[in-house]
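For clarity, every value in this text was computed on a predicted model and none was experimentally measured. Naming: A, B, ... by sequence-line order, numbering from 1 per chain.
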Amino acid sequence: MAANTVTPALPVPATPTAPPVPTATSGATSAATSAATPKLALPLPVLHATVLDWYEANARDLPWRTPDASPWAVMVSEFMLQQTPVKRVLPAWQAWMERWPTPADLAAEAPGEAVRMWGRLGYPRRALRLHGAAVAITEQHGGEVPDDHATLLSLPGIGEYTAAAVASFAFRQRHVVLDTNVRRVFARAVTGVEYPAQATTAAERRTATALLPEADRTAATWAVAVMELGALVCTARGPECGDCPLFTSCAWQRAGCPPYEGPARRGQSYEGTDRQVRGKLLAVLREAHGEVPQARLDAVWPDAVQRARALDGLVSDGLVEPVEQGVYRLPQ
DNA sequence: CAGGCGTGGTG
DNA sequence: TCACCAAGCCT
């Protein structure tokens, strides 16, 4: 927002354009390599202006970012965006907001309707939790999405990230908003490694805190701007470093873009897992408006043992409701 | 705290 | 093609 213009010449020590070719002879140049973390070579105000200006020029206009987007609209988007790409969230969010423009509208319906409306966004427990959050907001918070971090955190489905995101994006407060995009940007630009660790570390939180602008409004825009940079330019695969406003000061770039080294990240297998079976079972329940006989569910998966285990799991999660012996439905 | 939890797109 | 990835949360 606040149009700080970037000083054209970034005070970067002698690095024109090309990444420095790491010389074979390491010694000499002090560079106590692993001793100190290679900090981002940019004064804070310049860093802020650089990223904020980039955001102003490159931000996508997403409907939950418009000035008239309600806190509820922001909150719904955050639930949907937990592990689901923007492209797939867009139409689902539109439909959801048309049907349930306020928390009270959603709270008035059965949880099963939320699960059905969730469609194929994945991780349907989020739908149940969003419904639960809407009920809590309606019954305990006067129907208004809470504006403080601690209260948001107490709602079902809202963890550290989402609480910070809603407080920041919807209420323009100053919070460390640390999602996978932000963590990757800082890992590269500040720490000089391709990928952050699997779990968020205290060091990352310290780094993010140190870089956060002082003013509330600026910090809020900074948070979404760094996320956007991670989503559009500093991507996990095939980052567009040539388009990055931090190119010349990026620690990873300066180190010559060293590839990730570390334990192989566990790939989430899917074929043949209970998750796949749960998905198939729930798809049948979603599409059938009403009660579903056992036989319909039995048809989706050959292994009776695994099928029963998956269905049990859905029931204990509250995603499926047994009506009577051999009859199921979405929760009323 | 590592692992479970959906679904679809892509390099 | 087939891992890997996508604005995490919960136990």
Could you state the atom-to-atom distance from CZ of A:Arg275 to P of C:dC9 in whole Å? 16 Å

Expressed as a whole number of angstroms, how long is the span from A:Asp312:CG to B:dC5:P? 13 Å

Nucleotide C:dC4, atom P - distance to CD of A:Gln198 in whole Å: 12 Å

A:Tyr270 side chain N/O closer than 4.0 Å to the phosphate oxygens (OP1, OP2) of B:dG6? no

Could you list by number each residue of residues 62-96 of chain A showing a heavy-atom separation from DNA chain C of less than 4.0 Å, or answer none if no residue does? A:Leu62, A:Trp64, A:Arg65, A:Glu78, A:Leu81, A:Gln82, A:Gln83, A:Pro85, A:Val86

Are A:Val284 and A:Leu281 connected, step by step, through hydrophobic side chains (Ile, Leu, Val, Met, Phe, Trp, Tyr) whose heavy atoms are closer than 4.5 Å? yes

From A:Leu229 CG over to A:Arg184 CZ, what is the distance, rounded to the nearest 0.5 angstrom? 9.5 Å

Treating Ile, Leu, Val, Met, Phe, Trp and Tyr as nodes and any side-chain heavy-atom pair under 4.5 angstrom as an edge, say whether A:Val89 and A:Phe169 lie in one connected cluster. no

Is it true that A:Leu232 and A:Phe186 fall in one hydrophobic cluster, defined by side-chain heavy atoms closer than 4.5 Å? yes

Reading DNA chain B from 5' onward, which residue's closest nucleotide shows up sooner: A:Arg129 or A:Arg286? A:Arg129

Could you tell me how far C:dC4 sits from B:dG3 if I compare only their P atoms? Round to whole Å. 15 Å

Heavy atoms within less than 4.0 Å of DNA chain C: which residues of residues 149-168 of chain A have one? Give them sorted by number. A:Pro156, A:Gly157, A:Ile158, A:Gly159, A:Glu160, A:Tyr161, A:Thr162

Taking the C1' atom of each, how far is B:dC5 from B:dC1, in whole Å? 16 Å

For A:Gln276 and B:dG8, give me the distance from atom CD to atom P, rounded to whole Å. 11 Å

Would you say the base of C:dC5 and the side-chain of A:Arg237 have a donor-acceptor pair closer than 3.5 Å? no

Exactly one of A:Tyr123, A:Trp93, A:Trp96 should register a ring pair (Phe, Tyr, Trp, His ring centres under 6.0 Å) with A:Trp118. Which one does? A:Trp96

If I pick the P atom on C:dA7 and the same atom on B:dG11, what distance separates them, to the nearest angstrom? 14 Å

Rounded to the nearest Å, what distance is computed from the CG atom of residue A:Leu121 to the C1' atom of nucleotide B:dG8? 11 Å

Is atom CG of A:Asp61 surrounded by more than 12 heavy atoms (other residues, nucleotides or ligands) closer than 6.0 Å? no

If you find the nucleotide of DNA chain B closest to A:Asp317 and the one closest to A:Arg120, which residue's nucleotide is nearer the 5' end? A:Asp317

B:dT7 P sits how many Å from A:Leu282 CG, rounded? 7 Å

Is A:Arg65 salt-bridged to A:Glu228, going by a charged N under 4.0 Å from an acidic O? yes

If the condition is side chain to side chain contact (heavy atoms under 4.5 Å, CB included), which residues does A:Ser316 pass it with, not counting sequence neighbours? none

Flag yes if A:Trp100 and A:Ile158 sit in one hydrophobic cluster, no otherwise; membership is Ile, Leu, Val, Met, Phe, Trp, Tyr, and two members link when side-chain heavy atoms are under 4.5 Å apart. yes

Could you state the CG-C1' distance from A:Leu319 to B:dG4, rounded to the nearest angstrom? 13 Å

Using side chain to side chain contact (heavy atoms under 4.5 Å, CB included), reason through A:Trp252 and A:Cys241 one step at a time and then give a plain yes or no. CA-CA 10 Å; A:Trp252 185 54; A:Cys241 297; 4.2 Å; yes

Check the distance between C:dC5's C1' and A:Tyr260's OH and give it to me in whole angstrom. 14 Å

